Amino acid sequence: QLPMSQTVYVLRYSLPYESTEMVSVYSTLRGAMNRLEMMDLHDSFDEDETVTIECMEIITEEVSLERLNNIRKHYANKENN
């Protein structure tokens with residue numbers, strides 16, 4: 001079971017002549033950087049290609065429900081005032 005929230009690293013790789021991108025998700029920044037090192041070792045990174053690494057949060061259903069309920073309370077209180 002995941003903790004209430006967890007940080008992950010999303011690596012996106014796109015080619016200039018394709019409209020799609022490859023997306024990989026890593027549990028650590030080091031894991032994403034290892035993927036970059038693999039590309040370097042394979043000499044598979046060209047000048048027009050794009051690689052980005054984003055730090056994102058995985059949010060559990062419980063946390064998302066709590067956030068939703070907080071917004072509902074906010075609007076309910078706003079209507080009552």
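For clarity, every value in this text was computed on a predicted model and none was experimentally measured. Numbering of residues begins at 1 and proceeds along the displayed sequence.
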Note to self: Are there over 12 heavy-atom neighbours, none belonging to Glu18, within less than 6.0 Å of that residue's CD?
What the structure shows: yes

Note to self: Count I, L, V, M, F, W, Y as connected when their side-chain heavy atoms are under 4.5 Å apart, and connections chain through other members. Are Leu41 and Tyr26 then in the same cluster?
What the structure shows: no

Item checked: Gap between atom OH of Tyr9 and atom CE of Met33 - 0.5 Å precision -> 11.0 Å

Check: Of all heavy-atom pairs between Ile59 and Ser64, which one has the smallest distance, and what is that distance?
Finding: CG2-N, 3.8 Å

Note to self: For the CE atom of Met22 and the CZ atom of Arg12, what is their distance to the nearest 0.5 Å?
What the structure shows: 11.0 Å

Item checked: Within 6.0 angstrom of Asn77 CG, more than 12 heavy atoms from elsewhere -> yes

Notebook entry, point to check: What distance do His74 atom NE2 and Asn69 atom CG have between them, rounded to the nearest 0.5 Å?
Noted result: 14.5 Å

Next item on the list: Can you measure from OG1 (Thr50) to CD (Glu47) and round to the nearest 0.5 angstrom?
Entry: 11.5 Å

Item checked: Short side-chain to backbone donor-acceptor contact, Asn80 and Ala76, under 3.5 Å -> yes

Check: Between Leu29, Thr28, Ile58, which is the residue that forms a side-chain contact (heavy atoms from CB on, under 4.5 Å) with Val8?
Finding: Ile58

Next item on the list: Give, for atom NE2 of His42 and atom CG of Asp40, the distance between the pair rounded to the nearest 0.5 Å.
Entry: 10.5 Å

Checklist line | Under 3.5 Å side-chain donor-acceptor pair for Tyr13 and Glu49 | finding: yes

Next item on the list: Answer with yes or no whether the hydrophobic clustering places Val63 together with Leu65; edges join I, L, V, M, F, W, Y residues whose side-chain heavy atoms lie under 4.5 Å apart.
Entry: no

Margin query: For Thr7 versus Cys55, what's the shortest heavy-atom pair and its separation?
Written below: CG2-SG, 3.2 Å

Notebook entry, point to check: With Arg30, which residues qualify under salt bridge (Lys or Arg N to Asp or Glu O under 4.0 Å), at least two apart?
Noted result: Glu37

Next item on the list: Identify, with sequence neighbours excluded, every residue that meets side chain to side chain donor-acceptor pair (under 3.5 Å) alongside Arg67.
Entry: none

Notebook entry, point to check: What's the spacing between Ile71 CD1 and Lys78 NZ if we round to 0.5 Å?
Noted result: 10.0 Å

Next item on the list: State, to 0.1 Å, how close Ala32 and Leu11 come at their nearest heavy-atom pair, and which atoms those are.
Entry: O-CD1, 3.6 Å

